[in-house]
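Beneath this line is the structure, given in structure tokens, with notes to follow.
We use all heavy atoms of the structure for the numbers below, so side chains are in, but hydrogens, waters and symmetry mates are not. Note on naming: letters A, B, ... go to the chains in the order of the sequence lines (proteins, then strands), and numbering restarts at 1 for each one. Note that the structure is a prediction, hence the values are computed from the model and not measured.
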Amino acid sequence: MTEKKKHNVFVNGAITPNFIADSIGKHSGKTNIGGHDIFLGQVRNDIIDDKTVVAIEYSAYQEMAEEKFHEIREYAFSKYNLVCMHIYHSLGVVKAGEICLFVFVSSKHRKDAFDACRDIVEQIKSMVPIWGKEIFEDESHTWKQNT
Amino acid sequence: MTEKKKHNVFVNGAITPNFIADSIGKHSGKTNIGGHDIFLGQVRNDIIDDKTVVAIEYSAYQEMAEEKFHEIREYAFSKYNLVCMHIYHSLGVVKAGEICLFVFVSSKHRKDAFDACRDIVEQIKSMVPIWGKEIFEDESHTWKQNT
Amino acid sequence: MNINVLFFGSLADATGKSRLEINNVSDTETLRSKLLRDFPKLEKYKFVIAVCKHVVKANTTLHEGDTVAFLPPFAGG
Amino acid sequence: MNINVLFFGSLADATGKSRLEINNVSDTETLRSKLLRDFPKLEKYKFVIAVCKHVVKANTTLHEGDTVAFLPPFAGG
């Protein structure tokens, strides 16, 4: 058990460009950072059986998800030489074109940020209990499947 | 010679978080995008021979740099399945903690954005005639060397 | 012995419930069999089982107050 | 025959000039030799030569009005 504080990962609804800008701006005091890698997941208007996805409604097993995000964080800091990292994921409805995932990794040299960011995104997709209900124009739905 | 318009890559001074937010926001209409990868280069306050870097002053052989950025862009679109990409690089003085490079790559599936973004950053560093004068507290300087 | 059962995502759709309490099941295999009898639709779904927030692959003994979650394939991001 | 010469970054520091015009040099090797005589400090610097915005590795014939740039190692990003 570590005493490191757990960060609040879940955000209600879409993650806005202004939220991302604020997050970037907060790093200007950390002058040992040379590179940031940011991954943003955006909701696509996929067409499934002739129906267009207009939004995804995200839900999670929150208590378990928070433990998993914490493990992913600890693992990333142990494996890569990072200055800091942040993960934000939407809950609730996110419309097509809006952002649902924001992974922000900062390091002295770019290689660590690139390697870690990609690794973290893959781990989020495979390890964290989050689901997405893909909502169509006619309000019917299907459950999102990750590839 | 392609007729594709050349994008304006150079920005005077630092690239601001608000500029990045505006750029992200402009992509909400492109609902075939599933993932964005963004690389940000930030000026570090490295210590060189006991003196601290407080800023980097960037200069470029602009006409040649613009051709190289164009080649990098064409290559990225031919090699990866991208929806769009943007590159911005500072000219002039950028203080430690401020952002000097913004590479923004968007694709349907995350793998293309990740692969292309990293490739583009490496190509910018190796192929584009840009130089950085590292300015110390006492106003003396040295020339930045890429690793 | 009381066990708290949670269903998420498509499994909550299939069962019409997001949580329920079950008595007198001693392990996860017994619980799985009972729920498949009560909710035959579950047969069609892929899922994993988490006991107290840890995914278990093998049959696992349950204790009073344990929370057992039925989790369809994750789809974050 | 007029050739435009450009110096960038540390090379502009070393020569004290960012551009100059040179007459009567027929190729890049002749130009390089002449500039190393005029600016002996350049000996200490690493650089590549670009003719009309293209880096040339081998000796290259020059034509009236060509721009030849002396480029120290790139350091963008």
What part of [X] gets closer than 4.5 Å to chain D, counting heavy atoms only: side chain, backbone, both or neither?
X       : answer
S126(B) : backbone
A65(B)  : neither
Y58(B)  : side chain
L101(B) : side chain

More than 12 heavy atoms of other residues, nucleotides or ligands under 6.0 Å from [atom1] of [X]: yes or no?
X       : atom1 : value
E64(D)  : CD    : yes
Q145(B) : CD    : no
K51(B)  : NZ    : yes
D49(B)  : CG    : no

Spatial distance of atom [atom1] ([X]) from atom [atom2] ([Y]) [nearest 0.5 Å]:
X       : Y      : atom1 : atom2 : result
M64(B)  : C52(D) : CE    : SG    : 11.5 Å
E67(B)  : H54(D) : CD    : NE2   : 5.0 Å
K125(B) : F74(D) : NZ    : CZ    : 14.0 Å
W143(B) : Y45(D) : CH2   : OH    : 9.5 Å

### Summary
Of all heavy-atom pairs linking A75(D) and G132(B), the shortest is CB-N, 4.3 Å
### Task
Mind ranking T67(D), D13(D), L6(D) by heavy-atom pairs under 4.5 Å with chain B and telling me who comes out on top?
D13(D)
### Query
Do H89(B) side-chain atoms and G77(D) backbone N/O form a donor-acceptor pair below 3.5 Å?
yes
### Message
Once you measure the plane-to-plane angle for W131(B) and F8(D), does it fall in the parallel (<30°), tilted (30-60°) or perpendicular (>60°) bin?
### Response
parallel
